[in-house]
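Beneath this line is the structure, given in structure tokens, with notes to follow.
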Amino acid sequence: MTELLQGDAVGIARAAALLRGGELVAFGTETVFGLGADATNDRAVAGIFAAKQRPKFNPLICHYPHADAAFADGVANQPARMLAEALWPGPLTMVLPRRADCTVSLLVSAGLDTMAVRVPAHDMALALLRETGRPVAAPSANRSGHVSPTTAQHVLDELSGRIAAVLDSGPCSVGVESTVIDLSGDAPILLRPGGATVEAIEAIIGPLRQAATAQAADVLRSPGMLASHYAPALPVRLDATSVAQDEALLGFGAAPGGAGAMVNLSEARDLTQAAAALFAALRRLDAEGRRLGLKRIAVMPIPSHGLGGAINDRLRRAAAPRPC
Ligand code: TXA
Ligand code: MG
């Protein structure tokens, strides 16, 4: 049985005790819900891969209550310090070289000599991290390849019975995962667009190399970058300017009529509102579309600036050919 813990002092204390005991606990952050485990406990970290049914050991993000704790495990250079100062707590993950005395499980790094660190901007997550007193490894709390969860109920829908508890900290405010930047080499590389915009990051440390123009080897440094991901069960059609009756429509701005089902991410074309609504909307259209016997989810065009970068990245992967 998976315990549903209230987001109060009692729930946080219980969640921290479970984590220290090597159990898996999902918790909300400002981006998406994470599936947490004590990052210093190999067996607990291995449990994350089993619960998510991740086919491979993709590296995981370690969560910390403040930058000093993160930089005690990963080696921070000058850009890392500047980004931490400006954007933490917040939806930014930095890939750094592991310190020689780092106590984080090697499984978290999946064989790489780097690790990903982040300080989330969420009061309950920070309270949980402080109370646990250890780095917490947490990928998104969904089964591998599925849409990321933005409510406690989404987590239960996918992982009930497979994990010890979910801390119900309310719906996630940002709604897409953190931006991942690799700062372990000579020049910073954008590995995954996310909740911290490229514009905001470049204003602090200058131009980023984009993974798209980086070497294939760079892309492979972040295994979560490739292939079908964030996928609903129904096929996804992008850049739809019209819609058929046998399609569900993911709208943005003024939407055409005639769809079999519809969710509008933001009639006002507000990208922040759209990001926060994205994953819940995909889940709803997928469930409703399948119930009504619809053929696919059509998605209206969404601009690529600001949070639109992360939204379009997730939608492209949702639409990518699926592994069989
Ligand atoms: O917003 C988020 O980042 C959420 C919340 C829970 O914090 N977490 C999350 O984790 O999205 P996950 O496991 O779904 O995505 C982690 C990403 C993957 O693309 C992974 O390949 C990359 O970070 N990553 C982790 N460690 C890495 C490393 N050492 N080198 C390169 N990429 C790394
Ligand atoms: Mg994920």
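In listed order, ligands and their atoms are each counted from 1.
For N142, every N, O or S atom stays at 2.8 Å or more from the Mg ion (ligand 2).
Residue A138 has at least one heavy-atom neighbour below 4.0 Å for each of these atoms of ligand 1: 6 (C), 8 (N), 10 (O). Heavy-atom proximity to L112, at under 4.0 Å, picks out these atoms of ligand 1: 28 (C), 29 (N), 30 (N). If you number the atoms of ligand 1 from 1 as listed, the ones under 4.0 Å from a heavy atom of R192 come out as 2 (C), 3 (O), 9 (C), 11 (O), 15 (O), 16 (C), 17 (C). Near I61, the atoms of ligand 1 lying under 4.0 angstrom from a non-hydrogen atom of the residue are 3 (O), 8 (N), 9 (C), 10 (O), 16 (C). Here is the list of ligand 1 atoms found below 4.0 Å of a heavy atom in H63: 5 (C), 6 (C), 7 (O). The ligand atoms of ligand 1 that sit less than 4.0 angstrom from a heavy atom of G34 are 6 (C).
In terms of polar-atom proximity, defined here as any N/O pair under 3.5 Å, K52 makes no such contact with ligand 1. An N or O contact shorter than 3.5 Å is missing between N58 and ligand 1 by distance. At under 3.5 Å, a nitrogen or oxygen of S140, whether backbone or side chain, sits near a nitrogen or oxygen of ligand 1. At a 3.5 angstrom cut-off on N or O pairs, T31 counts as close to ligand 1.
Here the side chain of T179 pairs a donor or acceptor atom with the backbone of G194 at under 3.5 angstrom. Remark: side-chain polar atoms of E30 are paired, donor with acceptor, to backbone N or O of A121 under 3.5 angstrom.
The one candidate from R314, E177, E158 that meets the side-chain hydrogen bond (donor to acceptor under 3.5 Å, both in side chains) condition with S148 is E177. Checked against T29 for a side-chain hydrogen bond (donor to acceptor under 3.5 Å, both in side chains), the options H63, R118, H122 give a single hit: R118.
Counted within 6.0 Å of CG on D123, heavy atoms from surrounding residues, nucleotides or ligands total 12 or fewer; the atom is thus considered open.
Going from atom OG1 of T150 over to atom CZ of F33 covers 8.0 Å, rounded to the nearest 0.5 Å.
Judged by distance alone, the side chains of R162 and T2 never bring a donor and an acceptor atom under 3.5 Å apart.
For the residues V180, T114, V136, the heavy atom positioned nearest atom 28 (C) of ligand 1 is part of T114.
Taking hydrophobic clusters as Ile, Leu, Val, Met, Phe, Trp and Tyr residues chained together by side-chain heavy-atom distances below 4.5 Å, L5 shares a cluster with L19.
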